[in-house]
Amino acid sequence: MRVLVVEDETRMAEFINKGLTEAGYAVDIAEDGERGLAWTNVVDYDLIILDIMLPRRDGLDVCRTLRARGNQTLILMLTARDAVEDRVLGLDSGADDYLVKPFSFAELVARLRALARREPVLTGPVLEIADLTLDTRTREVTRAGTPIELTNKAYALLEYLMRHPNQVLTRTMIGEHIWNYDFDNATNVIDVHIRYLRKAVDDPFEPKLIQTVRGAGYRISDQAPMS
Ligand code: CA
């Protein structure tokens with residue numbers, strides 16, 4: 001999951017960045033509304049965490065502008081405590097949810113997971129392909145009922161693949177969604193993680209679900225591999 005955090009308070013931005021990175025998200029930070037909007041022109045984010053009080057362009061304005069442009073990215077707005085009006089304005093401006101400062105990190109992650117589950121591709125919190133399951137609430141992965149332990153990045157990669165079943169995901173798409181935008185030389189690292197994932201979720205089982213699509217990228221599917 002690739003997340004944009006638009007927040008001018010450095011400590012708050014760093015708190016969110018650190019926690020989300022540890023949780024396996026790829027995070028970009030924008031320090032004001034103008035820069036936040038600029039990032040959305042370059043990257044197709046899965047989620048945007050948007051503070052309301054921002055220099056240059058406030059969060060409400062950024063949110064309205066994104067929606068007016070047809071951008072449907074999930075937006076979680078951060079509002080100051082007791083500012084009930086802000087929450088109403090935030091939701092009216094097109095945000096999907098809001099979180100009141102100060103908040104615990106656990107609460108933030110729970111909200112993000114709940115938001116991600118609203119994606120139309122999904123039918124519920126548990127993603128399934130053949131006998132492989134991934135529970136986005138508990139981050140538990142099983143194959144044929146056997147629990148599988150994964151690193152944070154491998155989990156994030158598997159979740160991204162499973163959110164787009166049967167679709168070819170290029171290394172660029174994978175790199176952008178799982179690692180940071182300025183992540184260089186992604187190909188090698190992605191291939192290493194794919195090998196690791198295959199070892200964990202495919203090697204002991206049939207059919208093999210993680211497929212290489214020659215010259216294009218990877219996909220997860222229980223259909224016959226593309227030739
Ligand atoms: Ca602020």
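All heavy atoms count here, side chains included; hydrogens, waters and symmetry mates do not. Each residue takes its place number in the sequence, starting with 1. Everything quoted here is computed from the prediction, not taken from an experiment. Every number for a ligand or one of its atoms is a count from 1 in the order of the listing.
A salt bridge links Arg57 and Asp61; the closest N-O separation between the charged side-chain nitrogens and carboxylate oxygens is under 4.0 Å.
Considering just the N/O/S atoms of Asp51, the one nearest the Ca ion (ligand 1) carries the name OD2. Its N, O or S atom nearest to the Ca ion (ligand 1) is what matters here, and for Asp8 that atom is OD1.
In summary, Met53 places an N/O/S atom under 3.0 Å from the Ca ion (ligand 1), meeting the contact criterion.
Annotation: side-chain contact (heavy atoms from CB on, under 4.5 Å) contacts of Lys208 (sequence neighbours excluded): Asp202, Glu206.
Environment of OH in Tyr155: crowded, with over 12 heavy atoms of neighbouring residues, nucleotides or ligands closer than 6.0 Å.
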Below 3.5 Å, can you tabulate the donor-acceptor pairs from side chains in residues 3-16 to any protein atom, sequence neighbours excluded?
{"residue": "Glu7", "atom": "OE1", "partner": "Lys101", "partner atom": "NZ", "Å": "3.0"}
{"residue": "Glu7", "atom": "OE2", "partner": "Glu9", "partner atom": "N", "Å": "2.9"}
{"residue": "Glu9", "atom": "OE2", "partner": "Lys101", "partner atom": "NZ", "Å": "3.1"}

